[in-house]
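Residue numbering restarts at 1 for every chain, and letters A, B, ... go by the order of the sequence lines.
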Amino acid sequence: MSKLQGLRGMNDLLPEQSSKWQYVEATFKQILARYGYNEIRTPVLEDTSLFRRSIGEATDVVEKEMYTFDDRNGESVTLRPEFTAGVVRSVIEHSLAHNQTQRLWTMGQVFRYERPQKGRYRQFHQLSVEIFNLAGPDIDAELILLSARLLRELGLSDQVTLELNSLGTPEARAHYRNLLVEYLTQHQDVLDEDSQRRLTTNPLRILDSKNPDMAEMLAGAPRLLDHLDDESRAHFDYLKDRLTALGISFRINTRLVRGLDYYSRTVFEWTTTALGSQGTVCGGGRYDGMVEQLGGKHVPAIGFGLGIERLVLLLETLDLFPDTISSTVDVYLTAVGPQAEQLALPLAEQLRDQLPELRLQLHCGGGSFKSQIKKADRSGARVALLLGEDESANGAIGIKFLREERDQEQVSQAQLSERLAVLFEAAQ
RNA sequence: GUGGAUGUAGCUCAGUGGUAGAGCCCCGGAUUGUGGCUCCGGUGGUCGAGGGUUCGAUCCCCUUCAUCCACCCCA
């Protein structure tokens, strides 16, 4: 019998980590609110065909990474491997993009059956932002600026690079695809096994290969950016101008094609070198054809996904979490002796009524002053409240400062909340 | 899915073919009502799991599971 343990690649978020996640999530939500974006939540489980139709049959995600199984009714269902498909389904189902624009975000778990490694897990979390019914490059610029701000306000500006490309319209892409296949076929002897297979299924992805033996040959391949249609070129130029004007630096990466079939025109990634080989923190692009492909009307759309595990990992690596998030307690209330223990619980409740912002932890489990104060210290609290036999008899309470050179105070219990309000005023 | 490394106390790690140790953490004491520093003592382990070799395996062999790293792919 094996030991009790969680599933491979699926991690528990332990208390020590959760405050970091809350900090990241709170930062995201606050910024998204400032941009006027609305939250949408869709189910973790969807009909399998939704993902097959939207992401593309020939992609790695659909070919080998989906958690797919039959439910009790024999329907094939799949744990979402990304957010876009589910959000699009919901937008179509509820006519959210009917004669109106939508700027949406969602956050939660996604699942991919892959071999885990640093920054790559089978259950992971994303922030996903999706925008509907805006076709112009101005919204592309807004979306990228939003993603830049999310990273910047966490302190990551210097650690990430924006990579940018345009895939053009499906027609331009198809035309380019033919040129590329022609070129690659001429150099078929250099292609590795994977690329041979992709030659017919997804030739654009061959460009992304890291195989050094193919680097020289790929460098001579025709470039997608040289074969854009006029409108896509104008769209891309406008976007680049806006980003430049706003001081967002970027690197054009003509090999950036991304792994999901549905993209068109603008695609982008935020990457870092600080996380080893899983360097993409955020990636997205325009998917103008997808709503129609899933049975809706023609609705232009653009979005991105941002990996929260990778972001937390990056912030940890660079030591960018503020110190203030580590403590969850402001005040630790001790109680020594039977009378004090009786008084402590109502006193704690009273303080929580009077000072709702104050984070107060009550000592339970008895023990000496020494051990209780030690626990107060370990809790991270700024002050310990001392309630012993003498204080209980006198209606008093001691205020001991744990983090500063400052004399211990003795106040009446009646004055306590007033005194704490003053002491914690600046902090709140 | 492929390749490599690693699994010993809650954590970080030593270790030996004769059934285990340190540091940190935790608890208690030195200080009969006061944390952090110091000193003393204590709790805590089916040595990842299963099988094999052996008189005897934590150590050697096989299998398996997990973690990490890389490939691949992406968040």
Can you give me the closest heavy-atom contact between [X] and [Y], atom names plus distance?
{"X": "S195(A)", "Y": "M214(A)", "result": "OG-CE, 3.2 Å"}
{"X": "V299(A)", "Y": "F132(A)", "result": "CG1-CB, 4.0 Å"}
{"X": "P81(A)", "Y": "M66(A)", "result": "CG-SD, 4.0 Å"}

Is there a side-chain contact between [X] and the phosphate of [N], meaning an N or O under 4.0 Å from OP1 or OP2?
{"X": "R258(A)", "N": "rA75(B)", "value": "yes"}
{"X": "R120(A)", "N": "rC73(B)", "value": "no"}
{"X": "Q117(A)", "N": "rA70(B)", "value": "yes"}

Taking the side chain as everything from C-beta on, heavy atoms only, tell me whether I308(A) gets closer than 4.5 Å to F124(A).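 I308(A) vs F124(A): side chains apart.
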Take atom [atom1] in [N] and the same atom in [M], then report the distance between them in whole Å.
{"N": "rG23(B)", "M": "rC39(B)", "atom1": "P", "answer": "11 Å"}
{"N": "rU64(B)", "M": "rG3(B)", "atom1": "P", "answer": "12 Å"}
{"N": "rA14(B)", "M": "rG7(B)", "atom1": "P", "answer": "7 Å"}
{"N": "rG42(B)", "M": "rG4(B)", "atom1": "P", "answer": "46 Å"}
{"N": "rC27(B)", "M": "rC37(B)", "atom1": "P", "answer": "14 Å"}
{"N": "rU67(B)", "M": "rU53(B)", "atom1": "P", "answer": "31 Å"}
{"N": "rU54(B)", "M": "rC65(B)", "atom1": "P", "answer": "27 Å"}

Nearest-Å distance, [atom1] ([X]) to [atom2] ([N])?
{"X": "N202(A)", "N": "rC72(B)", "atom1": "CG", "atom2": "C1'", "result": "14 Å"}
{"X": "Q109(A)", "N": "rA75(B)", "atom1": "CD", "atom2": "P", "result": "17 Å"}
{"X": "N11(A)", "N": "rU67(B)", "atom1": "CG", "atom2": "P", "result": "8 Å"}
{"X": "E309(A)", "N": "rC68(B)", "atom1": "CD", "atom2": "P", "result": "12 Å"}
{"X": "M10(A)", "N": "rA66(B)", "atom1": "CE", "atom2": "C1'", "result": "14 Å"}
{"X": "M66(A)", "N": "rC73(B)", "atom1": "CE", "atom2": "P", "result": "18 Å"}
{"X": "D192(A)", "N": "rU2(B)", "atom1": "CG", "atom2": "C1'", "result": "14 Å"}
{"X": "Q5(A)", "N": "rC65(B)", "atom1": "CD", "atom2": "C1'", "result": "6 Å"}

Let me check something: any side-chain donor-acceptor pairs from residues 338-351 of chain A under 3.5 Å, sequence neighbours excluded? List them with distances.
| residue | atom | partner | partner atom | Å |
| --- | --- | --- | --- | --- |
| E349(A) | OE2 | R352(A) | NH1 | 2.9 |

Pi-cation contact, Y35(A) with R103(A) (under 6.0 Å, within 45°):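 The answer is no; the distance or angle limit is not met.
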What string of B, S and - do you get for nucleotides 28-36 of chain B, 5' to 3', if B is base contact, S is sugar-phosphate-only contact and - is no contact with any protein heavy atom under 4.0 Å? S----BBBB
Per-nucleotide protein contact string for nucleotides 7-13 of chain B (B base, S sugar-phosphate only, - none; heavy atom under 4.0 Å): -------
Runs of at least three Watson-Crick or G-U pairs with RNA chain B, cut-off 3.5 Å: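 B:1-7 with B:65-71, B:10-13 with B:21-24, B:26-30 with B:38-42, B:48-52 with B:60-64 - these are the stems of 3 or more pairs that involve RNA chain B.
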ring-ring contact (aromatic ring centres under 6.0 Å, His included): pairs with one or both residues in residues 305-339 of chain A, sequence neighbours excluded: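 The answer is Y23(A)-F321(A), Y332(A)-H363(A).
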Scan residues 104-123 of chain A for pairs that pass ring-ring contact (aromatic ring centres under 6.0 Å, His included), counting only residues two or more places apart or in two chains.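 Listed once each, the pairs are Y67(A)-Y113(A).
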Checking all strands, does G119(A) fall into the base, sugar-phosphate, or nothing category for heavy-atom contacts under 4.0 angstrom?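 Base contact.
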Remember a base hit wins even if backbone is also touched, and classify G284(A) as base, sugar-phosphate or nothing at under 4.0 Å, heavy atoms.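 Touches nothing.
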Would you kindly check whether a donor in the side chain of R115(A) faces an acceptor in the base of rC71(B), or vice versa, at under 3.5 angstrom?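 Flag unset: no donor-acceptor pair detected.
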Is a donor from one side chain sitting under 3.5 angstrom from an acceptor on the other, for S157(A) and R152(A)?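 Side chains of S157(A) and R152(A): no pair found under 3.5 Å.
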Does a donor on one side chain sit under 3.5 Å from an acceptor on the other, for S277(A) and Q117(A)?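 There is such a pair between these side chains.
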RNA chain B contacts among [range], heavy-atom distance under 4.0 Å:
{"range": "residues 146-165 of chain A", "answer": "none"}
{"range": "residues 274-282 of chain A", "answer": "G276(A), S277(A), Q278(A), G279(A), T280(A), V281(A), C282(A)"}
{"range": "residues 45-60 of chain A", "answer": "D60(A)"}

Above 12 or not: heavy atoms from other molecules or residues under 6.0 Å from [atom1] of [X]?
{"X": "D189(A)", "atom1": "CG", "result": "yes"}
{"X": "E404(A)", "atom1": "CD", "result": "yes"}
{"X": "R41(A)", "atom1": "CZ", "result": "no"}

What pairs with [X] under side chain to side chain donor-acceptor pair (under 3.5 Å), at least two apart in sequence or on another chain?
{"X": "S54(A)", "result": "none"}
{"X": "D288(A)", "result": "R286(A)"}
{"X": "R223(A)", "result": "D226(A)"}

Polar side-chain atom of T48(A) near backbone of V77(A) as donor-acceptor pair, under 3.5 Å: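 Looks like yes, one N/O pair under 3.5 Å.
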Using only atom types and a distance under 3.5 Å, with no angle test, would you say the side chain of R149(A) pairs donor to acceptor with the backbone of L32(A)?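 Not confirmed, R149(A) side chain does not pair with L32(A) backbone.
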Taking the nucleotide of RNA chain B with the closest heavy atom to each, which residue, K64(A) or F124(A), is nearer the 5' end?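 Its nearest nucleotide being more 5', the pick is K64(A).
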N-O pairing of R112(A) and E114(A) below 4.0 Å: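 The answer is no: the pair does not qualify as a salt bridge.
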Begin with the C-alpha distance, continue with both residues' side-chain angles, and end with the deciding distance and a verdict on salt bridge (charged side-chain N to carboxylate O under 4.0 Å, His left out) for E269(A) and R258(A). CA-CA 9 Å; E269(A) 279 185 10; R258(A) 307 202 37 80; 2.7 Å; yes
